[in-house]
Amino acid sequence: HEADAYRTDLMTITRFVLNEQSKYPESRGDFTILLSNIVLGCKFVCSAVNKGEEQKKLDVLSNDVFVKALVSSGRTSVLVSEEDEEATFVESSKRGKYCVVFDPLDGSSNIDCGVSIGTIFGIYTMEHSDEPTIEDVLKPGNEMVAAGYCMYGSSCMLVLSTGTGVHGFTLDPSLGEFILTHPDIKIPNKGNIYSVNEGNAQNWDGPTTKYVERCKYPKDGSPAKSLRYVGSMVADVHRTLLYGGIFLYPADKKSPNGKLRVLYEVFPMAFLMEQAGGQAFTGKKRALDLVPKKIHERSPIFLGSYDDVEEIKALYAAEENN
Ligand code: P6P
């Protein structure tokens, strides 16, 4: 009966989060309602991607679904989407205590060739009950209360942290439920994979160039690292989280702040990496300590296994000192 018991103990994402939230006696279920609307958006995008919708339509569709689901949840006040130039301020009758920053379909240029893509999101709480302003989302990542991504690949997997570790849920299409399949994910302390777009190598700065050189031609006799680069952040970060190693999108001469967006790419992935025992660095500081000035601001990012990121931090520190 053990196997049967396992199969009938359906730990859905909603049930899991309710358990987590029950640790906070004052919680009134708002976060659970917010999350269930994010989950609804992910289920919609998963089915649309699997229907083979073409990229342009999918980009707009997925953004619409997430904005509508979040506004109608009645638990949000400010939304920032990669797809919208300006932030969305929820009308007063529908306002709630959370602010959500998200990329509804990250890596969407990969859709038409069937490469995995994803939704990335981060959640802040509003600390006041006045009119919401843009300041409510221009906060450091260290003030995020939750973050996650949903990867639309061979299976649909939602990876989430509410500040007590990282947990992976796989969509069971027959139930339409995300079921806990990867409890308490921890990233290996060190990995043998590096993940970067080598096509930008001629524009990299010294420390990045030195680090990648070491990955390819190790001085200490250790084996060279493998290069794995999908070009879809959710896929590259998910592999890094599960297998270990380092993902980097460095600054380069053409783009001194790199390419990835602080609020809805760098912060959520940095949050997850730290919760899984890894770390995330910008080349100058801990990624979660960045304070964004603009909602679509970019930052260089080095994230993954703790020891691997330590190496790149040492190279940047050495450059600072000389
Ligand atoms: P590049 C996809 O367009 C994206 O925003 C991320 O998902 C991905 O990590 C990065 O850009 C890839 O950028 O310059 O290597 O094609």
Side-chain angles (χ1 to χ4, degrees), residues 42 45-46 49 54-60 62-63 66 80-85 101-122 141 147-153 156-159 193-205 208-209 211-212 215 226-243 245-273 278 280-283 287 292 294-304 308-309 312:
C42 294
V45 175
C46 177
V49 166
E54 46 101 22
Q55 176 195 346
K56 192 71 213 92
K57 247 170 84 182
L58 251 181
D59 263 340
V60 174
S62 48
N63 189 50
F66 278 107
V80 170
S81 167
E82 191 269 345
E83 284 289 317
D84 296 329
E85 194 47 42
V101 295
F102 63 100
D103 188 342
L105 209 54
D106 184 83
S108 55
S109 57
N110 291 299
I111 290 180
D112 296 339
C113 65
V115 163
S116 298
I117 53 176
T119 297
I120 311 173
F121 60 90
Y149 59 80
C150 189
M151 186 170 77
Y152 311 106
C156 177
M157 185 157 176
L158 203 157
V159 173
I193 296 172
Y194 74 105
S195 186
V196 68
N197 183 343
E198 289 257 12
N200 298 329
Q202 61 183 320
N203 298 322
W204 290 338
D205 63 22
T208 291
T209 304
Y211 180 75
V212 174
C215 291
S226 293
L227 170 59
R228 292 284 183 276
Y229 193 69
V230 179
S232 180
M233 188 184 196
V234 172
D236 282 317
V237 170
H238 188 62
R239 183 206 53 249
T240 304
L241 183 66
L242 295 185
Y243 295 178
I246 187 165
F247 170 81
L248 35 157
Y249 207 108
D252 68 42
K253 292 187 196 99
K254 286 183 307 177
S255 22
N257 285 322
K259 173 183 183 182
L260 299 179
R261 310 286 185 167
V262 173
L263 277 182
Y264 43 78
E265 289 176 313
V266 172
F267 279 170
M269 297 314 202
F271 186 101
L272 291 167
M273 279 298 159
F281 177 63
T282 67
K294 293 243 179 292
I295 59 174
H296 298 295
E297 196 170 297
R298 303 167 193 263
S299 169
I301 183 70
F302 306 85
L303 61 77
D308 292 330
V309 178
I312 196 116

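Order of appearance sets the numbers: ligands from 1, and atoms from 1 within every ligand. Just the heavy atoms: all of them, side chains too, but no hydrogens, waters or symmetry mates, feed the values below.
- Judged by distance alone, with hydrogens and angles left aside, the side-chain atoms of Ser226 form no donor-acceptor pair with the main-chain N or O of Ile193 at under 3.5 Å.
- Within the 4.0 Å heavy-atom shell around ligand 1 one does not find Asp236.
- In this structure, the side chain of Asp252 does not engage the main chain of Ala201 through any donor-acceptor pair within 3.5 Å.
- What sits closest to atom 12 (C) of ligand 1 on the protein, heavy atoms only, is Tyr229 OH, 3.4 Å.
- Using 4.0 Å as the threshold, Glu265 has a heavy atom nearer than that to some atom of ligand 1.
- The distance from ligand 1 to the heavy atoms of Met233 drops below 4.0 Å at these ligand atoms: 6 (C), 7 (O), 8 (C), 9 (O).
- Under the 3.5 Å distance criterion, the side-chain polar atoms of Asp103 are left unmatched by any main-chain donor or acceptor of Ile120.
- Looking only at distances, no side-chain donor or acceptor of Ser62 sits under 3.5 Å from a matching main-chain atom of Val45.
- Listed for the Thr119 side chain is a donor-acceptor partner under 3.5 Å among the backbone atoms of Pro104.
- Residue-to-ligand polar distances place Tyr249 within reach of ligand 1: an N/O pair is separated by less than 3.5 Å.
- Although no hydrogens or angles enter the test, the distance criterion places a donor-acceptor pair under 3.5 Å between the side chain of Arg261 and the main chain of His296.
- The single protein non-hydrogen atom nearest to atom 7 (O) of ligand 1 is Asp106 OD2, 2.5 Å, given as residue, atom name and distance.
- Remark: side-chain polar atoms of Arg228 are not paired, donor with acceptor, to backbone N or O of Ser195 under 3.5 angstrom.
- When only non-hydrogen protein atoms are considered, atom 16 (O) of ligand 1 lies nearest to Lys259 NZ, 3.9 Å.
- Applying the 4.0 Å criterion to heavy atoms of Asn197 picks out, from ligand 1, the atoms 1 (P), 14 (O), 15 (O).
- Considering only non-hydrogen atoms, atom 8 (C) of ligand 1 lies nearest to Gly231 out of Gly107, Gly199, Gly231.
- Residues Leu227 and Val196 share a closest heavy-atom pair of CD1-O, 3.8 Å.
- Below 3.5 Å of separation, one finds no N or O of Phe247 facing any N or O of ligand 1.
- Residue contacts with ligand 1: Ser232 is placed with no nitrogen or oxygen under 3.5 Å of a nitrogen or oxygen of the ligand (distance criterion only).
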